[in-house]
Amino acid sequence: MTLDALRNEIDALDADIVRLLSERAAAAAQVGHAKREQGIVICDPSREVNVLNVASENSTAPMDDAGIRSIYREIIAVCSRIQADLKDD
């Protein structure tokens with residue numbers, strides 16, 4: 001495969017990643033609304049540990065455990081900010 005073809009493949013994967021991150025953020029916002037309605041705090045450390053563990057278990061080479069956990073920590077932080085910034089409907 002040529003370098004351009006490989007880069008095009010990465011570009012397509014990046015577009016998929018961005019789309020999926022947007023879907024995840026929308027789902028996190030819905031969770032935030034449910035938490036607010038039920039009087040539950042935004043931060044749930046046990047849930048965050050579970051998400052990190054599942055992501056780590058699902059990761060395959062060449063992505064190492066530290067890399068996937070770092071990425072998911074940032075995803076969790078962004079989604080937590082989205083939940084914290086929600087306005088009452």
Side-chain angles (χ1 to χ4, degrees):
M1 200 179 257
T2 68
L3 179 58
D4 284 341
L6 291 167
R7 286 180 173 165
N8 288 337
E9 184 177 339
I10 288 174
D11 291 345
L13 290 168
D14 285 345
D16 289 342
I17 291 168
V18 170
R19 179 184 52 77
L20 290 169
L21 287 171
S22 294
E23 288 178 23
R24 190 188 194 288
Q30 290 177 335
V31 168
H33 284 295
K35 286 179 179 179
R36 186 170 294 220
E37 288 173 4
Q38 297 175 29
I40 299 172
V41 296
I42 296 298
C43 183
D44 183 350
S46 65
R47 170 69 179 151
E48 292 176 11
V49 167
N50 184 58
V51 169
L52 290 172
N53 288 339
V54 170
S56 178
E57 291 167 7
N58 288 327
S59 180
T60 58
M63 180 70 73
D64 66 2
D65 184 64
I68 199 70
R69 285 179 179 273
S70 175
I71 291 165
Y72 264 82
R73 279 188 196 95
E74 189 62 27
I75 291 169
I76 291 167
V78 169
C79 289
S80 293
R81 283 194 300 273
I82 288 168
Q83 290 179 358
D85 292 344
L86 291 173
K87 305 291 185 227
D88 290 327
D89 290 337

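Hydrogens, waters and symmetry mates play no part in the numbers below; they use all other heavy atoms, side chains included. Residue numbers start at 1 and run along the sequence shown.
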Mind listing the closest non-hydrogen atom pair of [X] and [Y] along with its distance?
X: I82; Y: A25; result: CD1-CB, 3.6 Å
X: S59; Y: M63; result: OG-O, 3.2 Å
X: R81; Y: E74; result: NH2-OE2, 4.0 Å
X: C43; Y: E48; result: SG-OE2, 3.8 Å

Student check: side-chain heavy atoms of [X] and [Y] closer than 4.5 Å:
X: I76; Y: L52; answer: yes
X: H33; Y: Q83; answer: no
X: N53; Y: R69; answer: yes
X: L6; Y: T2; answer: no
X: V54; Y: S56; answer: no

*Could you name each residue pair satisfying side chain to side chain donor-acceptor pair (under 3.5 Å) that touches residues 17-32, not counting sequence neighbours?*
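Listed once each, the pairs are R19-E23.
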*Do side-chain atoms of N8 reach the backbone of D4 as a donor and acceptor pair under 3.5 angstrom?*
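Yes, N8 side chain to D4 backbone: donor-acceptor pair under 3.5 Å.
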*Distance-only, no hydrogens or angles: does the K35 side chain make a donor-acceptor pair with backbone N or O of I40 under 3.5 Å?*
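Pair absent, no side-chain N/O of K35 close to backbone of I40.
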*Could you tell me the separation between the CZ atom of R73 and the CD1 atom of I68, rounded to the nearest 0.5 Å?*
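Answer for the CZ-CD1 pair, R73 versus I68, is 11.0 Å.
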_Nearest-0.5 Å distance, CD1 of residue I75 to OG of residue S80_ =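 Nearest 0.5 Å value for the CD1-OG distance: 11.5 Å.
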